[in-house]
Amino acid sequence: MKEFQTLKIFALAMRKKSLSEAARALGLSPATISRRISALEAELGVQLLDRTSRTLKATEAGSKFLRHAQRAIEAIDEAKAVAKEATDMPEGRLRIHSRTQTGLRLIAPLLPKFVERYPGLQIEHELSEHPVNLVEHGFDIDIRTGVSDDSNFIIKRLASSDEILVASPAFAQAHAHIQHPSDLMNVRCLTYQRDSGVVPWHYFDEMGVSRELPVKGVISSNSGEVLRVAAIGGAGVALLFGATVRSSIVDGSLVRLLPEYRFVVTSIANGIYAVFRRSDALPMKVRAFIDFISEELRATEGM
């Protein structure tokens, strides 16, 4: 399996864009990583890395080789996972990606219980504010909010993600006149922002018709966690996933406003999903995590 390990070293170095980072992740020295890649280049008779660049960069041949190497790595990992299906417990490294607030408020609190249940697994959980390509970045699972139409992967709904209006108790008391969604147009609001701009709020009126709310975003962010913290600090009203602010409501740092109305942020509504690769045999570690997270999130939906 030495050749296979060399392929994984090369792929990891390209993903990290650094020999040092790859070495640190693998517990090897940068010199060892460099020697293994140089030996691979010698064996292939082509240069895979552009060593004149300040940052680690693949040559044209290296980019083509990487695409095929990644498929080979996936195939061998899948074969090894199938072989291990005979064991009672999943083992190995499980790489998970999620948005920051989803990761901090929903996934991270469940990880201690998960690793206690499956001690043979090593979890790597990375956070960002954008969906990732599982293959290119080497993730096993991406936890996403909102509907995805990516037919290249399997998408499993884990839980609902209804948005609710929240504010600090002091802010809510000072703005007790908020009795209808239209009242929010004259109140400080905390809005979610994506590359295309601020994401609009919508609510459903008494007839079930969706209405847009042109609220004033005194603070906008691409991170729901930033908006949650700002709301706790009294900056304004935020529209956030109920699951991610449940603990803040329980401890009294936030209160819910207008619970009789349904609100949505159109571009990221309709659920929390696990996205993972298509495979003839789903690796046990992936199945174990998805089943565990789904069970835990659904158990708290009604709380």
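For clarity, every value in this text was computed on a predicted model and none was experimentally measured. Along the sequence shown, the residues carry numbers beginning at 1.
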Inset, instruction - Evaluate the side-chain proximity of Arg117 to Phe292: yes if any heavy-atom separation is below 4.5 Å, no if none is. - result: yes

Inset, instruction - Compute the centroid of each ring, for Phe204 and then for Tyr261, and state whether the two points are separated by less than 6.0 Å. - result: no

Legend entry - same_hphob_cluster(Ile143, Leu127) at 4.5 Å side-chain heavy-atom cutoff: no

Inset, instruction - Say whether, by atom type as modelled, one donor and one acceptor occur between the side chain of Ser168 and the main chain of Leu254 under 3.5 angstrom. - result: no

Inset, instruction - Might you work through the side chain to side chain contact (heavy atoms under 4.5 Å, CB included) test for Leu240 and Ile164, ending with a clear yes or no? - result: CA-CA 6 Å; Leu240 298 169; Ile164 63 175; 5.9 Å; no

Inset, instruction - Verify the cluster assignment for Leu190 and Val226: are they in a single hydrophobic cluster under the rule of side-chain heavy atoms below 4.5 Å apart? - result: no

Inset, instruction - Applying side chain to side chain contact (heavy atoms under 4.5 Å, CB included), run through Leu257 and Phe263 and close with a yes or a no. - result: CA-CA 11 Å; Leu257 305 179; Phe263 293 84; over 6 Å; no

Legend entry - Backbone of Leu48 reached by a side-chain donor or acceptor of Glu41 within 3.5 Å: yes

Legend entry - Non-hydrogen atoms of Leu121 and Lys285 that approach each other most closely: CD2-CB, 3.6 Å

Legend entry - Closest contact, heavy atoms only, Ala243 versus Leu106: O-CD2, 3.4 Å

Legend entry - His175 and His177 aromatic ring geometry - parallel, tilted or perpendicular at 30°/60° bounds: tilted

Legend entry - Sidechain N-carboxylate O distance under 4.0 Å for Arg71, Glu74: no

Inset, instruction - Take Tyr118 and Met89, measure what side chain to side chain contact (heavy atoms under 4.5 Å, CB included) needs, and give me the verdict at the end. - result: CA-CA 7 Å; Tyr118 301 108; Met89 301 288 279; 3.8 Å; yes

Legend entry - Whether His180 and Tyr203 hold their rings parallel, tilted or perpendicular, with breakpoints at 30° and 60°: perpendicular

Legend entry - Ala176 backbone acceptor or donor facing Gln179 side chain under 3.5 Å: yes

Inset, instruction - For the pair Arg188 (side chain) and Ala235 (backbone), establish whether a donor and an acceptor sit closer than 3.5 Å, ignoring hydrogens and angles. - result: yes

Inset, instruction - Could you tell me whether Phe139 and Phe276 have their ring centroids closer than 6.0 angstrom? - result: no

Inset, instruction - With rounding to the nearest 0.5 Å, note down the distance linking NE2 in His68 to CG in Leu7. - result: 12.5 Å

Inset, instruction - Taking the side chain as every heavy atom from C-beta outward, state whether Val264 and Leu239 have any atom pair closer than 4.5 Å. - result: no

Legend entry - Partner residues of Arg93 under the side-chain contact (heavy atoms from CB on, under 4.5 Å) criterion, sequence neighbours left out: Arg15, Arg95, Glu124

Inset, instruction - Identify whether the distance between the nearest side-chain nitrogen and carboxylate oxygen of Lys57 and Asp50 falls below 4.0 Å. - result: no

Legend entry - Non-hydrogen atoms of Met284 and Pro90 that approach each other most closely: SD-N, 3.3 Å

Inset, instruction - Please report the shortest heavy-atom distance between Trp201 and Val237, naming the atom on each side. - result: CH2-O, 3.5 Å

Inset, instruction - To the nearest 0.5 Å, tell me how far Leu19 CG sits from Phe10 CZ. - result: 10.5 Å

Legend entry - SB check Glu116 Lys113 (cutoff 4.0 Å): no

Legend entry - CG on Leu66 to CD on Gln70, rounded to 0.5 Å: 4.0 Å

Inset, instruction - Indicate whether any N or O donor in one side chain lies under 3.5 Å from an N or O acceptor in the other, for Arg99 and Ser128. - result: no

Inset, instruction - Can you see which heavy atom on Arg144 is nearest to which on Val132, and at what distance? - result: NH2-O, 3.1 Å

Inset, instruction - State whether the side chain of Arg287 and the backbone N or O of Leu282 hold a donor-acceptor pair below 3.5 Å, judged by distance alone. - result: yes

Inset, instruction - Look at the side-chain heavy atoms of Ile, Leu, Val, Met, Phe, Trp and Tyr, link any pair under 4.5 Å apart, and say whether Leu104 and Ile249 land in one connected group. - result: no

Legend entry - Side-chain ion pair, Glu60 and Lys64, N-O less than 4.0 Å: yes

Inset, instruction - Taking the side chain as every heavy atom from C-beta outward, state whether Ile290 and Leu158 have any atom pair closer than 4.5 Å. - result: yes

Inset, instruction - Side-chain contact test, heavy atoms from C-beta onward, threshold under 4.5 Å: evaluate it for Ile123 versus Ile96 and give yes or no. - result: yes

Legend entry - Nearest heavy-atom neighbours spanning Lys16 and Ala25: CE-CB, 4.3 Å

Inset, instruction - Would you kindly confirm whether Val166 and Met185 end up in one hydrophobic cluster when ILVMFWY residues are joined by side chain heavy atoms under 4.5 Å apart? - result: yes

Legend entry - Under 3.5 Å donor-acceptor, Ser63 side chain and Thr59 backbone: yes

Inset, instruction - Decide whether Arg228 and Thr244 meet the rule of one side-chain donor and one side-chain acceptor closer than 3.5 Å. - result: no

Legend entry - Side chain proximity check, Phe65 to Leu44, heavy atoms < 4.5 angstrom: yes

Inset, instruction - Side-chain contact test, heavy atoms from C-beta onward, threshold under 4.5 Å: evaluate it for Val275 versus Ile154 and give yes or no. - result: no

Legend entry - Value rounded to 0.5 Å, distance of CG in Leu134 from CG in Asp140: 8.5 Å

Legend entry - Pairwise distance CD1(Ile141) to CZ(Phe289) - rounded to 0.5 angstrom: 5.5 Å

Inset, instruction - Rounded to the nearest 0.5 Å, what's the gap from OG1 on Thr102 to CD on Glu225? Could you check? - result: 10.0 Å

Legend entry - N/O donor-acceptor pair under 3.5 Å between Tyr192 side chain and Asn222 backbone: yes

Inset, instruction - Give a yes or no on whether the backbone of Ser294 and the side-chain of Glu296 come within a donor-acceptor separation of less than 3.5 Å. - result: no

Inset, instruction - Please lay out, stage by stage, how Phe171 and Val187 fare under the test side chain to side chain contact (heavy atoms under 4.5 Å, CB included). - result: CA-CA 10 Å; Phe171 189 92; Val187 174; 3.6 Å; yes

Inset, instruction - Answer whether the closest heavy-atom distance between the side chains of Leu111 and Ile107 falls below 4.5 Å. - result: yes

Legend entry - Contacts of Pro30 that satisfy side-chain contact (heavy atoms from CB on, under 4.5 Å) - sequence neighbours left out: Ser20, Ala23

Inset, instruction - Give me the one residue out of Leu227, Val229, Thr191 that meets side chain to side chain contact (heavy atoms under 4.5 Å, CB included) with Ser221. - result: Leu227

Inset, instruction - Taking the side chain as every heavy atom from C-beta outward, state whether Cys189 and Lys216 have any pair of such atoms under 4.5 Å apart. - result: no

Inset, instruction - Show your reasoning for whether side-chain hydrogen bond (donor to acceptor under 3.5 Å, both in side chains) applies to Ser223 and Gln101. - result: CA-CA 7 Å; Ser223 170; Gln101 189 182 37; over 6 Å; no

Inset, instruction - Verify the cluster assignment for Ile178 and Ile219: are they in a single hydrophobic cluster under the rule of side-chain heavy atoms below 4.5 Å apart? - result: yes

Inset, instruction - Compute the centroid of each ring, for His125 and then for Phe114, and state whether the two points are separated by less than 6.0 Å. - result: no

